[in-house]
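These notes concern the structure reproduced below.
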Amino acid sequence: MVNFLRTTEEVEAIVPNLEKKKILGVDTETTGLDPFVDKVLLLQIGDLEDQYVIDTQSAKIEPLRPILEGIKIPKVLHNANFDYKFIRSNFGICMENMIDTMLIEMVIRNGVKRSGFGLKHLMKDYFEQEISKEEQTSFIGHKGDFTEKQLEYARNDVIYPLRILEQQIPIAIKEELEFTIKLECQAVAAFADMEYNGILLDTARWKKLIREADKGKSAAKKKLDKIFQRFAPGDLFGFVSINYDSDQQLRDALRRLLKSERNFSEKQLEERLPDTSRETIVAIDHPVKDLILEYRTHQKVVSTYGRGFLKHVHKKTGRIHPNFRQLGAESGRVSCTRPNLQNIKAGSDFRNSFIAGKGRKMITADYSGCELRIIAECSQDPVFLRTFNDGGDLHSIVASTMFKKEVTKDKNKHLRKAAKGINFGLAYGMGAQGLSVIIGNDSKSDEENLREAEKMLDQYFKSYPTIKDFLDGSAEEGVKMGYSRTMGGRKRYYSLPPVPKRDEHESDDTFFEARKNRRRQLGAIQRKAKNTPIQGTSADMTKLAMVWIREEIKNQNLDAKLINTVHDEIVVECGEEIAEKTCEMVKEMMTKSGEVFIKSIPADVDASIEDHWTK
DNA sequence: TAGGAGTGCGCG
DNA sequence: AAAGCGCGCACTCCTA
């Protein structure tokens with residue numbers, strides 16, 4: 001028998017009982033997935049003893065506000081982001097102190113599995129209980145009375161997360177993941193708020209940029225057609241145009257062109273035009289090179305940032321409400337979809353097209369040199385630490401040391417660029433091969449460039465042995481333990497390849513091949529293990545800053561909204577009269593969060609106040 | 001015709 | 001399979 005409440009009086013009556021609970025499960029059933037359009041039909045709340053299903057069409061949930069908004073009783077939800085947004089849009093209630101069993105599971109299994117985090121999967125995994133989610137869809141477009149089956153289904157969705165949490169807690173403790181889990185659970189509200197708040201796009205300006213790209217694309221295409229015309233098949237009946245978006249067609253066309261105009265042999269063509277990657281195109285010694293690059297730049301704008309992008313402007317709110325995946329990357333980073341607001345062209349009019357509302361301002365704040373500072377902290381390298389403490393330019397210092405020449409942002413720029421390439425590349429486990437591509441000189445042979453790169457790497461690690469020790473240590477630990485950890489304690493598991501056994505193989509050849517393959521896989525893990533503590537700590541830091549910024553907005557009752565985050569950057573929109581104050585607050589929270597992880601040097605936060613998103 | 005794999009490229 | 005980490009999206013090409 002389900003406790004089904006249909007009046008506000010009945011809801012009022014359960015409050016005293018709920019207030020006595022140490023923990024509460026919460027869930028909703030909605031008519032759809034869009035919080036701005038769809039309705040909450042049922043709200044379920046309770047613990048393992050008592051569960052209440054409330055008909056939110058006939059009863060007000062206002063009496064529950066103190067419980068939901070209060071921090072005293074934690075609310076357990078599976079995928080809290082979803083319910084938070086619906087409860088906010090339908091009832092104007094913003095839940096606090098949420099525990100999200102989906103995020104907890106993702107933290108616990110990070111690197112072990114990529115999907116299967118639904119309630120159904122978890123009930124199977126933890127209890128071998130098969131539950132049906134069929135009833136869920138019965139609420140779409142639902143009207144009128146509910147069946148007993150629907151109510152029973154609704155009630156169970158309060159119980160399941162509570163039971164799952166009981167299983168997860170001992171695992172979390174054993175794996176020492178408390179900090180990460182707490183962080184992620186606190187951050188849910190910040191991400192849900194960001195999605196709910198949305199961001200305003202100056203669509204007229206955006207459309208103008210697309211039109212310009214359209215023109216540029218057509219112009220480039222015309223010029224390309226002229227060049228390729230005579231090498232295209234079907235000449236007899238006129239020119240059959242090449243689809244320059246097709247790597248196959250483009251590659252074949254380029255091969256015909258170079259064969260004819262540069263007298264390349266078949267073998268040369270295969271070597272020099274194996275694909276149509278940027279790297280390959282750049283190496284072509286023919287005016288067609290620049291045209292292709294130009295075409296692609298425009299094509300990218302027209303496609304990725306084109307029409308498909310504008311369809312994400314919400315009809316009702318007029319804003320773009322992206323979908324943040326709080327644990328989108330195994331490193332702990334956030335990813336963003338529909339649309340992806342983390343790959344908007346930087347330093348361009350595209351970014352500037354994201355604007356603050358009327359009478360409002362946009363604050364763009366980011367950690368400068370975040371990952372290098374984390375490397376400095378973890379390695380305790382004396383030069384890195386001193387440079388960051390003195391406010392010096394690390395790339396210049398590193399270049400000066402390595403090349404034994406004076407290097408500044410103006411003097412010997414090319415050496416600074418090389419050092420920058422190393423500084424960043426090494427954080428990803430880059431080798432000499434990769435480095436030679438970055439710092440390579442076209443006038444030298446590949447072989448010479450490789451030698452040069454090897455010498456540079458060698459010199460680098462001789463100058464900064466502590467950096468080498470730190471990175472090698474991370475790689476070794478990853479392979480030895482089977483996981484990496486960030487400074488926030490986040491774990492990322494690796495599936496280690498088994499050692500091949502000779503008797504499992506038919507021949508020496510396949511045996512050696514298997515060994516080679518294993519080494520390759522280990523190499524990949526080592527590179528990930530070098531990078532994960534760095535990238536992941538940066539993610540920890542930014543997430544914690546977001547939690548605190550949201551808290552400050554709430555506590556100070558600021559007219560400000562979290563809008564976006566791009567890995568080491570946070571964007572906030574606020575009333576213009578409090579822009580200065582808000583900007584200082586954002587800086588302060590980010591700095592404070594930086595100090596939690598980086599103790600030896602300051603976390604340098606750049607922030608600006610504009611009418612639009614910057615950088 | 002929908003969906004997966006492959007390629008290329010935008011961001012940090 | 002890969003020798004540079006982490007993403008998402010558009011497009012082509014091919015298959016079920």
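Proteins come first, then strands; the chains are lettered A, B, ... in the order of their sequence lines, and each starts at number 1. Since the model is a prediction, treat every value here as computed from it, not as a measurement.
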Sequence neighbours excluded, which residues qualify as side chain to side chain contact (heavy atoms under 4.5 Å, CB included) partners of [X]?
X         : value
Lys300(A) : Thr304(A), Tyr305(A)
Ala376(A) : Phe384(A), Leu385(A), Phe388(A), Ile601(A)
Glu270(A) : Arg255(A)

Please confirm whether the shortest side-chain N or O distance from Thr337(A) to OP1 or OP2 of dG8(C) is below 4.0 Å. no
Mind checking the P distance from dA3(C) to dG3(B)? Whole angstroms is fine. 32 Å
In whole angstrom, give me the gap between the C1' atoms of dA2(C) and dT7(B). 15 Å
Give every pair of a protein N or O atom and an N or O atom of nucleotides 2-5 of chain C that lie under 3.5 Å apart, one pair per line with the distance.
{"unit_1": "dG4(C)", "atom_1": "OP2", "unit_2": "Gly431(A)", "atom_2": "N", "d": "3.1"}
{"unit_1": "dG4(C)", "atom_1": "O3'", "unit_2": "Arg527(A)", "atom_2": "NE", "d": "3.4"}
{"unit_1": "dC5(C)", "atom_1": "OP1", "unit_2": "Arg527(A)", "atom_2": "NE", "d": "2.7"}
{"unit_1": "dC5(C)", "atom_1": "OP1", "unit_2": "Arg527(A)", "atom_2": "NH2", "d": "3.3"}
{"unit_1": "dC5(C)", "atom_1": "O2", "unit_2": "Gln535(A)", "atom_2": "NE2", "d": "3.2"}

Mind checking what makes side-chain hydrogen bond (donor to acceptor under 3.5 Å, both in side chains) contact with [X], not counting sequence neighbours?
X         : value
Tyr460(A) : Asn423(A)
Asp275(A) : Ser277(A), Thr280(A)
Arg114(A) : Glu330(A)

Please report, rounded to the nearest Å, how far the P atom of dC11(B) is from the CD atom of Gln342(A). 13 Å
I'd like a list of close polar pairs between nucleotides 2-6 of chain B and the protein, N/O only, cut-off under 3.5 Å.
none

For residues 210-224 of chain A, please give each side-chain donor-acceptor pair under 3.5 Å, one per line with the distance, not counting sequence neighbours.
{"unit_1": "Lys217(A)", "atom_1": "NZ", "unit_2": "Gln299(A)", "atom_2": "OE1", "d": "2.9"}
{"unit_1": "Ser218(A)", "atom_1": "OG", "unit_2": "Asp214(A)", "atom_2": "O", "d": "2.9"}

Which residues pass the ring pair (Phe, Tyr, Trp, His ring centres under 6.0 Å) test with His567(A), sequence neighbours left out? none
Quick check on contacts: within residues 275-313 of chain A, what sits under 4.0 Å from DNA chain B by heavy-atom distance? Asp275(A), Thr276(A), Ser277(A), Arg278(A), Arg296(A), Lys300(A), Tyr305(A)
For atom NZ of Lys208(A), is the number of surrounding heavy atoms from other residues, nucleotides or ligands below 6.0 Å larger than 12? no
Note every stem involving DNA chain C: at least three consecutive Watson-Crick or G-U wobble pairs, i with j then i+1 with j-1, with both distances under 3.5 Å. B:1-12 with C:5-16
Going by modelled atom types, is there a donor-acceptor pair between the base of dG8(C) and the side chain of Asn340(A) at under 3.5 Å? no
Does Arg518(A) reach a base, just sugar-phosphate, or nothing at all? Heavy atoms under 4.0 Å. nothing
